[in-house]
Amino acid sequence: MNAMNDLGSLADLPTEYVEALASHNLVPLWPSLRGVLPPTKPRPNTRATHWAYKDIKPLLLQAGELTPIEKAERRVLVLANPGHGLDKMQASAAIYLGMQLLLPGEWAPSHRHTPNAVRMIVEGEGAYTTVDGEKCPMSRGDLILTPTGLWHEHGHDGTDPVVWLDVLDLPIIYYLETSYHVNGDAQTTVPGRGDRIYAHGGMAPTRMFVRGSKPYPMLRYPWDQARAALLTLSQDNPQEPSVQITYVNPETGTDVENILGFYAMMLRPGQTLNMPARSPACVFHLIEGQADVAIEAQKFHLVEADTCCAPGYTPVTVTNRSSSQPAFFFLADEAPLHRKLGVYEVRA
Ligand code: 1HN
């Protein structure tokens, strides 16, 4: 064994000595040093995990029968990564995922909290989320933001169950001991729709008479616009293997939220894309089509509405199984957080 790795263990030390240390709230570093600082790359708890929608949906609908919305506030089944322990409710170190069900006529009351959230609509029509007074309709593939501190509530005027994927940075906000919520009254809807104001690329309202602009000017990113952007990108750059857009703040061009990054990706018919190992963990949710996601020795067969996650520092290969139709993914990762912390890496 490399002498550098050969450090003393706790068992090498006299029991009385270890107890004396503990009685003064002291711990020797060397038995734990390799654990907290492993050689060459981290050893993530996050395991490559696949959650099939066909497994989730019946159990979620059953939750709808078992638990009225008033008893749940948010009726959610959490997509928990077994590598972290199911009780930790983590998909990765910083990412929380949940599938939420809202039935016709139900209302999930207004609250705000420190974690940032987004919703990716999976199925059903007629539901809406009101965020900071703006009523955001929910349709399949739409992305709706509820950033830190903004009031939000969900309602449903339609006739069929609506399901969406919640993505939050709850694990990191909880770890930082900064997680809390405040309940509020039903919001009064105010006029103005960010998705319309910013619907024309490259044109933003002049703020001459408005002091400052909202930190989150656009709260709803409609799927038809994202899908059209991907198709155009693919046609205009036929040689480019990666067809991906980043959901950005239209005023600043930066990631829509502070901690997690959100993207939409298209695979051309039959395409295989090799994604390099990068430090952030990444979530893949298949909006449309059929695709395989290979993460180290694991290969997941995804159909529409399936979700999987990959740990950081791991190359991922995605393949469109259809030779005639494109495949569309929604992605979430920890890249904005890693960049801010100065630990972001891409490994060739
Ligand atoms: C939350 O506020 C929502 O507003 C969903 O729909 C899931 C998970 C943890 C903490 C807050 C929502 C959540 C959540």
Side-chain angles (χ1 to χ4, degrees), residues 51 56 59-60 63-64 67-81 84-124 126-140 142-158 161-187 189 216 219-221 256-260 262 283 285 307 309 330 332 334 337:
W51 295 273
I56 300 172
L59 294 168
L60 194 52
T67 307
I69 191 75
E70 295 75 18
K71 286 279 176 199
E73 250 174 59
R74 301 297 192 262
R75 194 190 290 109
V76 177
L77 295 180
V78 179
L79 282 54
N81 192 305
H84 288 273
L86 299 185
D87 58 316
K88 293 289 192 299
M89 301 200 299
Q90 290 180 240
S92 73
I95 304 176
Y96 159 104
L97 298 173
M99 280 281 180
Q100 182 161 173
L101 171 70
L102 199 64
L103 294 170
E106 286 186 335
W107 183 64
S110 193
H111 70 184
R112 60 191 175 98
H113 42 67
T114 44
N116 296 273
V118 303
R119 338 256 154 224
M120 164 53 49
I121 317 312
V122 176
E123 70 170 322
Y128 60 88
T129 295
T130 305
V131 190
D132 198 22
E134 179 175 328
K135 190 171 176 177
C136 301
M138 295 170 129
S139 277
R140 187 175 81 112
D142 291 351
L143 184 73
I144 294 172
L145 315 184
T146 58
T148 181
L150 297 194
W151 293 107
H152 56 280
E153 65 196 76
H154 314 298
H156 189 351
D157 299 331
V162 168
V163 177
W164 63 81
L165 177 68
D166 292 311
V167 187
L168 282 82
D169 48 23
L170 178 63
I172 189 75
I173 295 292
Y174 182 76
Y175 179 74
L176 294 173
E177 303 185 337
T178 51
S179 181
Y180 72 93
H181 85 283
V182 180
N183 286 331
D185 298 329
Q187 295 171 73
T189 307
Y216 303 99
L219 298 167
R220 173 175 184 261
Y221 292 74
V256 288
E257 289 183 350
N258 287 319
I259 295 178
L260 302 181
F262 306 100
V283 168
H285 173 80
T307 307
C309 78
F330 167 63
E334 302 162 329
L337 175 65

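Each ligand, and each atom within it, is numbered from 1 in the order the structure gives.
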Specify whether Phe262 and Phe330 have parallel, tilted or perpendicular ring planes, treating 30° as the upper limit for parallel and 60° as the lower limit for perpendicular. parallel

When you look at Thr129 and Arg220, which way does the side chain to side chain contact (heavy atoms under 4.5 Å, CB included) test go after all the steps? CA-CA 10 Å; Thr129 295; Arg220 173 175 184 261; over 6 Å; no

On the 0 to 90° scale, with breaks at 30° and 60°, tag the His111-His113 ring pair as parallel, tilted or perpendicular. perpendicular

Gap separating the CZ atom of Arg112 from the CD atom of Glu153, nearest 0.5 angstrom: 13.5 Å

Looking at Ala186, is its backbone amide N or carbonyl O close enough to the side chain of Ser110 to form a donor-acceptor pair, meaning the two atoms are under 3.5 Å apart? no

Does any N or O of ligand 1 fall below 3.5 Å from an N or O anywhere on Arg119, backbone included? yes

Region of Leu170 that comes within reach of ligand 1 [heavy atoms, distance under 4.0 Å]: side chain

Could you tell me whether the side chain of Met99 reaches within less than 4.5 Å of the side chain of Trp51, counting heavy atoms only? no

Would you check whether His154 has a nitrogen or oxygen atom less than 3.5 angstrom from a nitrogen or oxygen atom of ligand 1? yes

Any non-hydrogen atom of His111 lying under 4.0 Å from ligand 1? yes

Considering the heavy atoms of His113, write down every atom of ligand 1 situated less than 4.0 Å from one of them. 1 (C), 2 (O), 11 (C)

Winner among Ile144, Leu168, Thr129 once heavy atoms are compared against atom 13 (C) of ligand 1: Leu168

Do me a favour and list the nearest non-hydrogen protein atom to atom 4 (O) of ligand 1 with residue, atom name and distance? Arg74 NE, 2.8 Å

Contact region, His181 to ligand 1, non-hydrogen atoms below 4.0 Å, reads neither

In this structure, are over 12 heavy atoms from other groups packed under 6.0 Å from Asp87 atom CG? yes

Which residue and heavy atom of the protein sit nearest atom 7 (C) of ligand 1, plus the separation: Asp166 OD2, 3.7 Å

